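Notes for the one structure printed next.
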There are 2 protein chains.
Amino acid sequence: MEERVKQIKQQLSAHNYKLTPQREATVRVLLENEEDHLSAEDVYLLVKEKAPEIGLATVYRTLELLSDLTIIHKLNFGDGVTRYEFRAEGAEHHHHHLICLNCGAVDEIIDDWLGPIEKRVEKEFDFQIIDHRLTFHGICHRCKDQVKDPGKLVGSKVT
Amino acid sequence: MEERVKQIKQQLSAHNYKLTPQREATVRVLLENEEDHLSAEDVYLLVKEKAPEIGLATVYRTLELLSDLTIIHKLNFGDGVTRYEFRAEGAEHHHHHLICLNCGAVDEIIDDWLGPIEKRVEKEFDFQIIDHRLTFHGICHRCKDQVKDPGKLVGSKVT
DNA sequence: TTATCATATGAGATTTGATATCAATTGAAT
DNA sequence: ATTCAATTGATATCAAATCTCATATGATAA
Ligand SMILES: [Zn+2]
Ligand SMILES: [Zn+2]
Ligand SMILES: [Zn+2]
Ligand SMILES: [Zn+2]
C-alpha cells in the first residue's frame, strides 16, 4: 500500500504534479477498493469519510489526472456513469468484464483472450489497435438459479 | 424500404403499439441512415427536416420503444451520447466495432468472431452470455499515414 | 355522427453527470 | 518574507436524458 502510494507519487512528480493531501486521499480510496469499479460519486463519498473538506470537482480532477497518466482507467458500462479502476501494471490492454444483468455484479477476465482476433483485425481491416473493450452481458453463476427467462433482461439496455 | 417500414409496423402492432406519423418519420430516418451510428440528437435533427413539429421527447420515446422491441440497438461508445442502429435481422449478438481515435470513424466487423471465447467464458466462469460488446480503439487505415505517435491518443479516453 | 377513453404527443421543467469559472489557498523557490 | 504558479472548493454552467402534464389523436361504441 505505502509502496504503491509512493510509486504513484513518483509517477506524478515525473510529470511535474504534486501528490497533494486531496490527491493522496483519493488514491488511497482507489487502492483500498481496487477490486471494485467505482464511479466518481462513489469515490467522492468514500474520500469524504477521511477528508471531509474535499470538493467534488477536485475528485473529478484527480481522477482525470490519474487517467491522463494511465495510472487508472476510465470505464463505461453504459449505465450513465464513468467508472475507474487501476490499470494492471504493464498491461498494454485492458482486461475483460462480465456484467450480470440480474444483480449488476462485475467480474473480470484478467487474461487477454483477444490476441488471435486482434491479429485478424489488423490484417483484414488494416486497423492499428491501441486498446480494446470486451464486455459480456449475461447471468452470473450466483444468479443462474433465480433467473428463469434471460431473454427478458436484454430489452433496451445500452451496450 | 416500404417493405421494412411495413415489417416494423407489424412488429409494433404485435405488441399493441401504433406506427404513428412521428414514429414512422423516426423509423424512416433510421432506415435511411442505416450505415451510420446516430445519436438521439442526430435523429431528432434529421426527423425535424421532414416533420418539423416533432418533439425531442417523442424521438427519445420512440427510440426507447424500438429498443425495447429489439428492433434497434442502443450503443455506447464512451463519448457521452447513446447511439442507435438497426439490429441485424435474426442476429443473436451484436457485431463488433472499430473506432478510430484519430478521425472518429466507426467501422464494423459484421461477423461474430467471439464464438470460441464465449464458449470459454461460459465454461470457465459459469456465466450465461446474453449479449456482448467488442470494440477496438485504434488507427483506421485512412489515418495510418498521418498519425505518428498513436500512444498519445489513448490518454484519458473512456472505454 | 357524436361521445368516450386509452394512447400518444409537445413544450418545458427537472434531473444528473461532468466540466468550467474564479477567487482564495497552498507551497515551493527565491 | 516575497513571489508566483499550481491547486483547491464553491458554485455556475453545460449537455443528455427523463419527467410532467395539458392537449391531441384515433379507434370504438352508441
Ligand atoms: Zn448476478
Ligand atoms: Zn475491471
Ligand atoms: Zn481514422
Ligand atoms: Zn454498428
Side-chain angles (χ1 to χ4, degrees), chain A residues 8-9 11-27 29 37-69 72-84 155-159, chain B residues 8-9 12-27 29 37-69 72 74-84 155-159:
Chain A
I8 289 165
K9 180 174 185 174
Q11 290 179 266
L12 285 177
S13 56
H15 292 83
N16 285 45
Y17 295 111
K18 308 164 207 169
L19 184 64
T20 65
Q22 293 91 335
R23 286 174 181 166
E24 179 168 343
T26 304
V27 163
V29 160
H37 298 79
L38 301 177
S39 68
E41 189 74 18
D42 292 337
V43 174
Y44 174 60
L45 293 175
L46 288 169
V47 174
K48 271 199 95 98
E49 290 178 9
K50 18 175 76 173
E53 76 289 354
I54 201 171
L56 176 60
T58 300
V59 171
Y60 270 104
R61 282 187 290 237
T62 301
L63 293 172
E64 192 66 19
L65 175 59
L66 295 173
S67 227
D68 284 341
L69 301 180
I72 62 176
H73 197 108
K74 283 169 100 163
L75 301 174
N76 188 326
F77 292 149
D79 59 352
V81 296
T82 303
R83 299 178 178 278
Y84 302 85
S156 70
K157 279 202 87 64
V158 187
T159 55
Chain B
I8 288 166
K9 179 174 185 173
L12 286 177
S13 56
H15 292 84
N16 285 47
Y17 295 111
K18 308 163 208 168
L19 184 64
T20 64
Q22 292 90 338
R23 287 174 181 167
E24 179 168 342
T26 304
V27 163
V29 161
H37 298 80
L38 301 177
S39 69
E41 189 74 18
D42 293 337
V43 174
Y44 175 60
L45 293 176
L46 288 169
V47 174
K48 271 200 95 102
E49 290 178 9
K50 18 175 77 173
E53 75 290 354
I54 201 170
L56 176 60
T58 298
V59 171
Y60 270 104
R61 282 186 288 237
T62 300
L63 293 172
E64 191 65 21
L65 175 60
L66 295 174
S67 227
D68 283 340
L69 301 180
I72 61 175
K74 282 169 100 164
L75 300 173
N76 188 326
F77 293 151
D79 59 352
V81 297
T82 303
R83 299 178 179 279
Y84 302 85
S156 69
K157 279 201 85 65
V158 187
T159 55

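The model shown is predicted, which means the values in this text are computed figures rather than measured ones. Reminder, nothing fancy here: chain letters follow the sequence lines and each chain counts from 1.
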Report yes if at least one side-chain N or O of A/Gln22 is closer than 4.0 Å to OP1 or OP2 of D/dG9; otherwise report no.
yes
Is A/Thr20 close enough to D/dT8 that one of its side-chain N or O atoms is under 4.0 Å from OP1 or OP2 there? yes
Any chance you could measure [X], atom [atom1], to [Y], atom [atom2], to the nearest 0.5 Å?
{"X": "A/Thr159", "Y": "A/Lys157", "atom1": "OG1", "atom2": "NZ", "value": "9.5 Å"}
{"X": "B/Ile54", "Y": "B/Thr26", "atom1": "CD1", "atom2": "OG1", "value": "4.0 Å"}
{"X": "A/Thr82", "Y": "A/Tyr60", "atom1": "OG1", "atom2": "OH", "value": "7.5 Å"}
{"X": "B/Leu56", "Y": "B/Arg61", "atom1": "CG", "atom2": "CZ", "value": "9.5 Å"}

Nearest whole angstrom, please: distance from the [atom2] of [N] to the [atom1] of [X].
{"X": "B/Asn16", "N": "D/dT28", "atom1": "CG", "atom2": "P", "value": "11 Å"}
{"X": "A/Asp68", "N": "C/dT19", "atom1": "CG", "atom2": "P", "value": "11 Å"}
{"X": "A/Leu56", "N": "D/dT13", "atom1": "CG", "atom2": "C1'", "value": "14 Å"}
{"X": "A/Glu41", "N": "C/dT16", "atom1": "CD", "atom2": "P", "value": "10 Å"}
{"X": "A/Tyr44", "N": "D/dA10", "atom1": "OH", "atom2": "C1'", "value": "10 Å"}
{"X": "A/Arg23", "N": "D/dG9", "atom1": "CZ", "atom2": "C1'", "value": "14 Å"}
{"X": "B/Glu53", "N": "C/dG12", "atom1": "CD", "atom2": "C1'", "value": "18 Å"}
{"X": "A/Ile54", "N": "D/dT8", "atom1": "CD1", "atom2": "P", "value": "8 Å"}

query = So, A/Glu24 and A/Lys9, do they make that salt bridge, N to O below 4.0 Å?
reply = no
Just one of A/Val47, A/Val27, A/Thr58, A/Thr62 clears the side chain to side chain contact (heavy atoms under 4.5 Å, CB included) bar with A/Gln22, so which one?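 Going through A/Val47, A/Val27, A/Thr58, A/Thr62 one by one, the side chain to side chain contact (heavy atoms under 4.5 Å, CB included) with A/Gln22 is satisfied by A/Thr58 alone.
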The side-chain hydrogen bond (donor to acceptor under 3.5 Å, both in side chains) partners of B/Ser39 (sequence neighbours excluded) come to B/Asp42
B/Lys74 and B/Tyr84, any side-chain heavy atoms less than 4.5 Å apart: yes
*Is there side-chain contact between B/Leu69 and B/His15, with at least one heavy-atom pair below 4.5 Å?*
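In short, these two side chains touch, coming nearer than 4.5 Å.
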Scoring nucleotides 23-30 of chain C by protein non-hydrogen atoms under 4.0 Å (B base, S sugar-phosphate only, - none) yields --------
Set of residues satisfying side chain to side chain contact (heavy atoms under 4.5 Å, CB included) with respect to B/Leu46, sequence neighbours excluded: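 Testing B/Leu46 for side chain to side chain contact (heavy atoms under 4.5 Å, CB included), a comparison that skips the adjacent residues, returns B/Val29, B/Asn33, B/Leu38, B/Glu49.
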A/Phe77 meets the ring pair (Phe, Tyr, Trp, His ring centres under 6.0 Å) criterion, sequence neighbours left out, with A/His37, A/His97
(message) Quick check on contacts: within residues 75-83 of chain A, what sits under 4.0 Å from DNA chain C by heavy-atom distance?
(response)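 Correct list: A/Gly80, A/Val81, A/Thr82.
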(Q) Let's see if you get this right: which residues in residues 57-65 of chain A place a heavy atom under 4.0 Å from DNA chain D? (A)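 Within residues 57-65 of chain A, the residues near DNA chain D are A/Ala57, A/Thr58, A/Arg61.
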